[in-house]
Peer 1: 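The structure that follows is given in the form of structure tokens.
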Amino acid sequence: MTLNLFNQFASPFLLGIPLILVATIFPWFLFPAPSNRWLPNRLTAVQTWFSKTFTKQIFAPIGLLGHKWALILTSLMIFLLSINLLGLLPYTFTPTTQLSMNLGLAVPLWLATVLIGFRNYPTASLGHFLPEGTPTPLIPILIIIETISLFIRPLALGVRLTANLTAGHLLIQLTSTATLTLLFLSPLASSLTFITLLLLTTLEIAVAMIQAYVFILLLSLYLQENT
């Protein structure tokens with residue numbers, strides 16, 4: 001039973017090709033290509049509105065130096081949002097339930113924000129390790145604590161996204177299995193479980209969107225600290 005529950009998180013293969021590559025590339029084909037028309041279609045208009053609203057909200061408190069990150073963070077937001085939502089469809093695979101992929105996204109971007117801070121503001125960046133007015137006996141301990149908290153940030157980014165999506169998928173599978181099992185034993189209980197499944201699916205859609213937003217929001221906060 002335990003193996004069956006977690007088999008859904010193993011990357012499937014077709015003809016020796018890992019389908020995680022297909023699941024990662026496919027969302028980009030859902031977005032329309034740029035058009036030279038004066039009046040774009042509704043999908044292009046919605047995409048443009050979302051990009052402008054998201055960029056304005058995320059980069060409002062960030063300095064001009066951090067505005068160079070607008071394209072990469074907006075693209076990453078659309079990418080994570082698409083993958084999370086497509087992974088809720090039946091017979092699909094969610095790459096963001098893999099910790100290796102999430103850490104592969106979190107670690108380089110976090111490291112880039114840290115290096116930008118040390119390059120442009122070395123004194124302020126080093127000052128984060130030791131708050132002003134710290135008593136002398138606490139200086140070594142605080143430096144160690146701040147260093148650990150700095151290196152935990154990318155791990156927290158990846159684990160948070162993985163844990164939330166994995167838990168949601170497990171709950172949906174358990175509830176759907178219970179619904180099917182109770183169908184012939186107690187139709188009333190099965191109906192109530194099915195209603196719970198619908199509510200849980202709605203909640204998981206919200207979680208998929210929120211977690212993609214939180215991932216980018218935390219990266220923008222790290223960028224704000226270093227710019």
Side-chain angles (χ1 to χ4, degrees), residues 9-11 17-31 47 50-51 54-87 93-129 143-169 207-227:
F9 302 114
S11 178
I17 301 175
L19 294 186
I20 188 173
L21 299 177
V22 179
T24 305
I25 296 173
F26 180 73
W28 297 112
F29 293 103
L30 299 178
F31 293 91
Q47 181 185 3
F50 173 79
S51 299
F54 173 78
T55 305
K56 182 179 180 181
Q57 182 176 1
I58 290 293
F59 289 91
I62 300 178
L64 293 177
L65 183 62
H67 289 183
K68 299 177 182 179
W69 286 59
L71 179 60
I72 185 172
L73 290 187
T74 304
S75 302
L76 183 59
M77 172 66 185
I78 296 175
F79 175 67
L80 292 176
L81 185 61
S82 303
I83 282 184
N84 292 350
L85 293 178
L86 289 175
F93 175 70
T94 312
T96 44
T97 56
Q98 306 295 310
L99 183 60
S100 57
M101 176 178 174
N102 295 333
L103 289 179
L105 293 173
V107 172
L109 293 174
W110 162 81
L111 185 60
T113 61
V114 174
L115 293 178
I116 286 176
F118 277 104
R119 177 184 177 183
N120 297 318
Y121 310 101
T123 304
S125 298
L126 290 175
H128 291 160
F129 293 96
I143 291 178
I144 295 174
I145 293 175
E146 291 297 330
T147 303
I148 294 175
S149 66
L150 178 65
F151 284 97
I152 280 179
R153 285 180 173 182
L155 182 62
L157 273 178
V159 171
R160 181 186 293 107
L161 182 59
T162 303
N164 282 282
L165 294 180
T166 302
H169 283 65
V207 169
M209 294 187 289
I210 291 172
Q211 289 305 314
Y213 177 75
V214 168
F215 190 91
I216 303 301
L217 180 62
L218 290 176
L219 280 176
S220 69
L221 292 177
Y222 301 156
L223 181 63
Q224 182 182 355
E225 287 184 1
N226 293 283
T227 53

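All residue numbers refer to positions in the sequence shown, counting from 1. This is a predicted model, so every value here is computed, not measured.
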Peer 1: Has Leu115 got more than 12 heavy atoms of other residues, nucleotides or ligands less than 6.0 Å from its CG?
Peer 2: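 Buried by this count: over 12 neighbours within 6.0 Å.
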Peer 1: Using 0.5 Å steps for rounding, measure from the CD1 atom of Ile58 to the NE2 atom of His67.
Peer 2: 11.5 Å
Peer 1: Would Ser51 and Thr74 count as a side-chain hydrogen bond (donor to acceptor under 3.5 Å, both in side chains) if you check the C-alpha gap in whole Å, the side-chain angles of each, and the deciding distance to 0.1 Å?
Peer 2: CA-CA 7 Å; Ser51 299; Thr74 304; over 6 Å; no
Peer 1: Grab the two heavy atoms, one from Ile72 and one from Leu109, that are nearest each other, plus how far apart they are.
Peer 2: CD1-CD2, 3.8 Å
Peer 1: Minimum heavy-atom separation for Leu219 and Leu76, please, with both atom names.
Peer 2: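 Heavy-atom minimum between the residues: CD1-CD2, 4.1 Å.
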Peer 1: How close do Leu161 and Phe215 get, heavy atom to heavy atom, and via which atoms?
Peer 2: CD2-CD1, 4.1 Å
Peer 1: Contact between Leu150 and Trp110 at the side-chain level, heavy atoms closer than 4.5 Å - yes or no?
Peer 2: yes
Peer 1: Rounded to the nearest 0.5 Å, how far does CG of Asn226 lie from OG1 of Thr113?
Peer 2: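 The distance works out to 5.0 Å.
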Peer 1: Measuring from Tyr121:OH to Ile116:CD1, what's the distance to the nearest 0.5 Å?
Peer 2: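 The distance works out to 10.0 Å.
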Peer 1: Report the C-alpha separation of Asn164 and Arg160 in whole Å, then their side-chain angles, then the decisive distance to 0.1 Å, and conclude whether the side chain to side chain contact (heavy atoms under 4.5 Å, CB included) test is met.
Peer 2: CA-CA 6 Å; Asn164 282 282; Arg160 181 186 293 107; 3.5 Å; yes
Peer 1: With side chain to side chain contact (heavy atoms under 4.5 Å, CB included) as the test, would you mind laying out the steps for Leu157 and Tyr222 before giving the verdict?
Peer 2: CA-CA 11 Å; Leu157 273 178; Tyr222 301 156; 3.9 Å; yes
Peer 1: Rounded to the nearest 0.5 Å, what's the gap from CD1 on Ile210 to CG on Leu81? Could you check?
Peer 2: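 So the gap between those two atoms works out to 11.5 Å.
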Peer 1: Can you see which heavy atom on Thr166 is nearest to which on Thr162, and at what distance?
Peer 2: OG1-O, 2.7 Å
Peer 1: One pair to check against side chain to side chain contact (heavy atoms under 4.5 Å, CB included): Leu85 and Met209. What are the steps and the verdict?
Peer 2: CA-CA 8 Å; Leu85 293 178; Met209 294 187 289; 4.1 Å; yes
Peer 1: Which atom pair, heavy atoms only, marks the closest approach of Pro154 to Ala106?
Peer 2: O-CB, 3.7 Å
Peer 1: Could you measure the distance from the OG atom of Ser220 to the CD atom of Glu225? Nearest 0.5 Å is fine.
Peer 2: 10.5 Å
Peer 1: Side chain to side chain contact (heavy atoms under 4.5 Å, CB included) for Ile83 and Met101? Distances and angles first, verdict last.
Peer 2: CA-CA 12 Å; Ile83 282 184; Met101 176 178 174; 4.1 Å; yes
Peer 1: Taking atom types as modelled, find out whether His169 and Thr94 have a side-chain donor-acceptor pair closer than 3.5 angstrom.
Peer 2: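 Note: His169 and Thr94 side chains meet the donor-acceptor criterion.
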Peer 1: I want to check something: taking the side chain as every heavy atom from C-beta on, are Ile78 and Phe54 in contact at a cut-off of under 4.5 Å?
Peer 2: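 A side-chain contact under 4.5 Å is absent here.
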Peer 1: Once rounded to the nearest 0.5 Å, what's the spacing between atom NZ of Lys68 and atom CG of Leu223?
Peer 2: 11.0 Å
